[in-house]
Number of protein chains: 2
Amino acid sequence: MNSQSEEDYLKALYHLEMDFDAVSTSSIAEYLNMKPSSVTDMLKKFAEKKFINYQKYKGTSLTKKGKLTALSIIRKHRLWETFLVEKLSFGWDQVHIIAEQLEHIKSEELIEKLDNFLDNPKYDPHGDPIPCKDGNIEEMNQKLLVELKTSQKGIITGVKKGTASLLNYLDKEKVKLGDSVKVIEILEFDGTYIVEINKRKLTFSEKICQNLLLETND
Amino acid sequence: MNSQSEEDYLKALYHLEMDFDAVSTSSIAEYLNMKPSSVTDMLKKFAEKKFINYQKYKGTSLTKKGKLTALSIIRKHRLWETFLVEKLSFGWDQVHIIAEQLEHIKSEELIEKLDNFLDNPKYDPHGDPIPCKDGNIEEMNQKLLVELKTSQKGIITGVKKGTASLLNYLDKEKVKLGDSVKVIEILEFDGTYIVEINKRKLTFSEKICQNLLLETND
DNA sequence: TCTAATTTTTAGTTTTGTCTAAAAAAATAT
DNA sequence: ATATTTTTTTAGACAAAACTAAAAATTAGA
């Protein structure tokens, strides 16, 4: 059984490995707001546990075991975020901190039941894919609305980082995650999109379209 | 912000104070599976924090502050248990261990939203009352079915300790928490109860009636 | 290439919450 | 009422996970 702290390190390692590929001691420290010396200690421990490939002074990478363990934590995090938004009506921007705690709850059965309760969602409220039980993570066919052409369709999966206020706006317009969107017309003059959602025509500014994530089928 | 460990001690203190009234260092140690010396350490800390009235060698009692803090943890525990049973369809006997973890999640807003999501339940799946936000705990008007006379009514709130299998049986009979029960007839010969639940007549053996908890209105 | 700057690791300290063993206080029994 | 037993507290140790400061390795600059 891994400690909360270990789980946080594993997640950090996973995310850093995705975004950049050099995972240095100091980058981990920065990500987790800790001192590099603390990171070194944990890396040694992780090498023992075979979570990482580690050579002194040479940086790290997750082993298969490490990656799978990280994915199971990310799965929990994203399922809980989905729960908080879909069932408890939290705002999409409020759920991260709470999910950081919930992700550490230990119970396989709990997470499977939660998954079912939520109808086995594929994406969390931020549009990030939810890894499945075996660690498979569906590669996203995710696009911004602004990338779609007239008559193309997609399903709303989230919004881009740092655009929390957009969520409130969408809420007010009764637009929800999972809603289907079809592009009716794009105004050349200012890039405004006219789309159809739930049989209603809506108008989105270019700025909105640059921040709205959709799952498409190409 | 109190640590997980502190919260466990507070809960233990509260429960011990309810059941017995002499709360000795060793009884706490036994309850928490720890050594008395560890308990003494925590008691000193709690005295500092004004959670308890503590005099060396003289045992302890919770202060108002301690009691309120304990109740807020118990509130969380019981709301989560209710969630697990009602929404995730866990068995009534499986939820305690998971709720022991969930009760430590820190978020006022989360617990208020969970409470609403569950329709502000008054009792948890074991029939224990859920303290409300301000720490008020509704004194139970709880009775065993066997205590009711013909034509009396009650609402099912749970089953007695150690009768997990009864829950499965009730589940199979489509009897749920919150269902209304009316006693139609009591057979003198063997104490069998004939009751009405959801407009259906059901027959319960005396043994069942000795283990089924109801909220009544006397 | 060889020195200077940066990064990483090591060594030693701190805090929290546990433990064991010993000392002190209280309770019990004769 | 005092000696024995039990309970509680004290004192000191340990593990986990963080820290600081110093040493070692690597990288970069001239």
Side-chain angles (χ1 to χ4, degrees), chain A residues 1-14 16-17 19-62 66 69-70 73 100-101 103-106, chain B residues 1-14 16-17 19-62 66 69-70 73 100-101 103-106:
Chain A
M1 196 105 310
N2 307 307
S3 71
Q4 205 146 313
S5 180
E6 288 173 307
E7 294 191 348
D8 290 338
Y9 273 94
L10 280 169
K11 259 200 322 169
L13 250 9
Y14 184 87
L16 289 167
E17 220 170 84
D19 293 0
F20 316 93
D21 48 21
V23 182
S24 64
T25 302
S26 50
S27 65
I28 303 166
E30 191 185 14
Y31 190 93
L32 293 171
N33 279 308
M34 285 194 283
K35 301 296 165 189
S37 55
S38 311
V39 174
T40 302
D41 287 347
M42 190 58 90
L43 292 183
K44 282 185 193 164
K45 192 170 166 188
F46 275 11
E48 281 286 318
K49 286 197 170 195
K50 307 256 192 259
F51 280 150
I52 57 172
N53 306 111
Y54 173 61
Q55 285 173 268
K56 275 190 194 176
Y57 297 102
K58 291 288 169 59
T60 2
S61 62
L62 286 165
T69 311
I73 303 155
E100 292 273 278
Q101 297 180 65
E103 74 192 4
H104 300 295
I105 302 293
K106 260 84 176 175
Chain B
M1 196 107 310
N2 308 306
S3 73
Q4 205 147 312
S5 181
E6 289 173 305
E7 294 191 347
D8 290 336
Y9 273 95
L10 280 169
K11 259 199 323 168
L13 250 10
Y14 183 87
L16 289 168
E17 221 170 83
D19 293 0
F20 316 93
D21 47 22
V23 181
S24 64
T25 303
S26 49
S27 65
I28 302 165
E30 191 183 14
Y31 189 93
L32 292 173
N33 278 309
M34 285 194 283
K35 301 295 165 188
S37 55
S38 310
V39 175
T40 302
D41 287 347
M42 190 58 88
L43 292 184
K44 281 185 194 164
K45 191 167 164 190
F46 275 12
E48 280 288 317
K49 287 196 169 196
K50 308 253 192 264
F51 280 150
I52 57 172
N53 306 111
Y54 173 60
Q55 285 174 270
K56 274 191 196 179
Y57 296 102
K58 292 284 168 60
T60 1
S61 61
L62 286 165
T69 311
I73 303 156
E100 293 272 278
Q101 297 179 64
E103 73 192 3
H104 300 296
I105 302 292
K106 260 84 174 173

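In what follows, chains carry the letters A, B, and so on, assigned in the order in which the sequence lines appear, proteins first and then strands, with residues in each chain numbered from 1. What's counted below: heavy atoms across the whole structure, side chains too, no hydrogens, waters or symmetry copies.
- Using a 4.0 Å cutoff to heavy atoms of chain B, the contacted part of DNA chain C runs 5' to 3' from C/dG17 to C/dA26.
- Taking every heavy atom of residues 33-41 of chain A and every atom of DNA chain C, pairs under 4.0 Å involve A/Pro36, A/Ser37, A/Thr40, by number.
- A heavy-atom distance below 4.0 Å to DNA chain D is reached by these residues of residues 43-62 of chain A, ordered by number: A/Lys45, A/Tyr57.
- In this structure, B/Glu103 and B/Lys11 have side chains that are in contact, with non-hydrogen atoms separated by less than 4.5 Å.
- Using a 4.5 Å heavy-atom threshold, the side chains of B/Tyr14 and B/Thr69 count as separate.
- A heavy-atom distance below 4.5 Å is found between the side chains of A/Leu43 and A/Ile52.
- Counting only heavy atoms from C-beta outward, the side chains of B/Thr60 and B/Phe46 never approach each other to under 4.5 Å.
- Taking five base pairs at each end of the helix from C/dT1-D/dA30 to C/dT30-D/dA1, the local helix axes there meet at an angle of 10°, rounded to 10°.
- The closest side-chain heavy-atom distance from B/Phe51 to B/Asn2 is below 4.5 Å.
- A/Leu10 places a side-chain heavy atom less than 4.5 Å from the side chain of A/Leu62.
- Panel note: side chain B/Lys49, backbone B/Gly66; no donor-acceptor pair is recorded below 3.5 Å.
- Here side-chain hydrogen bond (donor to acceptor under 3.5 Å, both in side chains) pairs that include residues 28-38 of chain A, with residues two or more places apart or in two chains, number zero.
- With hydrogens and angles disregarded, a donor-acceptor distance shorter than 3.5 Å links the side chain of A/Gln101 to the backbone of B/Lys106.
- At least one side-chain heavy atom of B/Lys45 sits under 4.5 Å from a side-chain heavy atom of B/Met42.
- A donor-acceptor pair is defined here as one N or O able to donate and one able to accept, closer than 3.5 Å; no such pair exists between the side chain of A/Glu17 and the backbone of A/Val23.
- Qualifying ring-ring contact (aromatic ring centres under 6.0 Å, His included) partners for A/Tyr9, counting only residues two or more places apart in sequence or in other chains: none.
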